[in-house]
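Contents: one structure, followed by commentary.
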Amino acid sequence: ASRAFREFDPQFAEKCLAAAKKSQQFLTDNPGNHPADQKGFSTGGYTTDDADDRQWAAVELWVTTGDEVYLKEFETRLLKEIEQRKAVDTIVDFNWDWSDVSNLAMFTYVTSSRPGRSPEVVDRVRQDILKVADEIVATTQGHGYARPLGSRYYWGCNGTVARLAMVLHVADQLRPNPQYQAAALAAIDHLLGRNYYGRSFVTGIGIEPPRHPHDRRNGINGFAEPWPGYLVGGGWPGARDWQDDQESYQTNEIAINWNGALIYALAGFIEPQSFNEVAQTGK
């Protein structure tokens, strides 16, 4: 946040950075995982180990400040993970979500232009990202609807379809390849209608988009049309099991982690220069 707001509001950027440093100091002083106390809630099991969150926090602080202390912590943690995952092909995950954000940490690390990184660690992360991107491309090309996730369906799988575009966009920065961009577009295509239903999975956009998402704001007001721009979860347990029904929270709910992935997938196709021109001219 500090980096994002720096150009527009330096004072707020400093406030964000101070909060981040304070939080990081707390993590340093308290190295053990501390599970959240959720006894007062009944919304499901959202507790995870915080090792991946610590990775991401450390690398973002390093990119923001250039302080080698944060870089050392990130690389130490990543090397430990590499050692623990020797039996796994890659340390970059193909199928990932909010419960493990280590991919986000590695994307930040490998795309940074700051000096000081370990060449060996950079090369390992780079190669693993490309390996996973190549796997996504192969899966896309082998599926009837060119679905990057293939025939895997589960609760919220549309979010993962969008999230795979992030891996492809990062891989394309590391080693430009038209197939990466084509597969990222295929992910968006699937969400906007190239699927079993021939319908969009995003409210208010595309052909016959969802009209009854599992969204209390929409349901309580009885809107004729739902708020636009929300990605619904999609088919589960199979491709043909999606229902455009407000009661079908298993297939038709919305979630910020799915929408965040969709926004990133779309934003990856905005040319920076043209985006700047729009921002400056208002056209």
Side-chain angles (χ1 to χ4, degrees), residues 38 41-48 52 93-104 132 135-136 139-140 143-169 183-268:
Q38 295 187 324
F41 302 91
S42 58
T43 56
Y46 290 101
T47 299
T48 65
D52 54 306
D93 294 320
F94 181 106
N95 192 353
W96 57 288
D97 201 346
W98 61 269
S99 60
D100 189 336
V101 294
S102 56
N103 272 16
L104 297 175
V132 171
E135 183 183 352
I136 296 171
T139 303
T140 303
H143 190 267
Y145 291 112
R147 186 175 185 264
L149 193 56
S151 296
R152 281 174 276 193
Y153 293 88
Y154 47 81
W155 194 320
C157 55
N158 277 348
T160 304
V161 171
R163 204 170 298 110
L164 293 178
M166 185 176 197
V167 182
L168 295 162
H169 285 319
L185 277 173
I188 297 170
D189 289 343
H190 174 75
L191 300 177
L192 294 182
R194 189 163 68 187
N195 51 55
Y196 171 80
Y197 293 94
R199 293 178 58 179
S200 169
F201 284 122
V202 184
T203 60
I205 297 174
I207 298 173
E208 293 189 57
R211 296 194 59 191
H212 309 286
H214 183 72
D215 176 16
R216 287 167 177 77
R217 297 163 303 173
N218 199 74
I220 198 169
N221 288 309
F223 295 157
E225 296 293 340
W227 290 20
Y230 286 111
L231 176 64
V232 298
W236 179 76
R240 295 178 291 179
D241 296 310
W242 172 60
Q243 299 177 53
D244 186 16
D245 179 356
Q246 182 178 315
E247 299 301 319
S248 180
Y249 52 86
Q250 303 95 327
T251 69
N252 216 37
E253 72 170 335
I254 60 174
I256 192 171
N257 51 311
W258 308 340
N259 249 76
L262 175 64
I263 290 167
Y264 190 100
L266 294 168

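Residue C157 comes nearest to G235 through the heavy atom pair SG-O, 3.4 Å, listed as atom of the first residue, atom of the second, then distance. Here the closest non-hydrogen pair linking D93 and V132 is O-CG1, 4.2 Å. Taking both residues in full, the closest heavy atoms of W236 and W155 are given as CD1-N, 3.1 Å, listed atom of the first, atom of the second, then distance. In terms of heavy-atom proximity, D97 sits nearest to R163 at OD1-NH2, 3.0 Å. Of all the heavy atoms in N95 and Y154, the pair that sits closest is OD1-OH, 2.7 Å. Residues A183 and T140 come closest through the heavy atom pair CB-OG1, 3.9 Å.
Of the possible polar contacts, none joining the N218 side chain to the D215 backbone as a donor-acceptor pair under 3.5 Å is found. The backbone N or O of D244 sits nowhere less than 3.5 Å from a side-chain atom of H212 that would complete a donor-acceptor pair. Side chain of R199 to main chain of G193: no donor-acceptor pair is present (N/O by atom type, distance under 3.5 Å, no hydrogens or angles). In this structure, N158 contributes its side chain and V232 its backbone to a donor-acceptor pair below 3.5 Å.
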**Report entry** Residues F201, L231; criterion side-chain contact (heavy atoms from CB on, under 4.5 Å); working and verdict
**Finding:** CA-CA 6 Å; F201 284 122; L231 176 64; 4.0 Å; yes
Verdict with supporting geometry, F94 and L149, side-chain contact (heavy atoms from CB on, under 4.5 Å):
CA-CA 9 Å; F94 181 106; L149 193 56; 4.0 Å; yes
Intermediate values then yes/no, side-chain contact (heavy atoms from CB on, under 4.5 Å), S200 and I207:
CA-CA 6 Å; S200 169; I207 298 173; 5.6 Å; no
Practice problem: In sequence, state the C-alpha distance, the side-chain angles, and the governing distance for R147 and Y153, and then conclude on side-chain contact (heavy atoms from CB on, under 4.5 Å). | Solution: CA-CA 11 Å; R147 186 175 185 264; Y153 293 88; 3.4 Å; yes
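Atoms CD1 and CD, on I220 and Q246 in that order, are 10.0 Å from each other to the nearest 0.5 Å. To the nearest 0.5 Å, the span separating NE2 on H169 from OH on Y264 amounts to 7.0 Å. Put simply, CG on D100 and CG on N103 are 7.0 Å apart, with the number rounded to the nearest 0.5 Å.
Taking the ring centroids of W242 and Y196, they lie at or beyond the 6.0 Å cut-off.
Residues N259 and Y230 form a side-chain contact, since some pair of their non-hydrogen atoms from C-beta on lies under 4.5 Å apart. Side-chain contact between I254 and P213 is present, with heavy atoms from C-beta onward closer than 4.5 Å. Side-chain atoms of W98 and I256, non-hydrogen and from C-beta on, never get closer than 4.5 Å to each other. Here the side chains of L266 and I188 are in contact, with some heavy-atom distance below 4.5 Å. By the 4.5 Å heavy-atom criterion applied to side chains, M166 and L104 are counted as neighbours. Between H214 and E247 there is no side-chain heavy-atom pair separated by less than 4.5 Å. By the 4.5 Å heavy-atom criterion applied to side chains, V161 and P148 are counted as neighbours.
A donor-acceptor contact closer than 3.5 angstrom is absent between the side chains of N252 and D245.
Screening residues 189-198 for salt bridge (Lys or Arg N to Asp or Glu O under 4.0 Å), with sequence neighbours left out, gives D189-R194.
At most 12 heavy atoms of other shown residues, nucleotides or ligands fall within 6.0 angstrom of atom OH in Y249.
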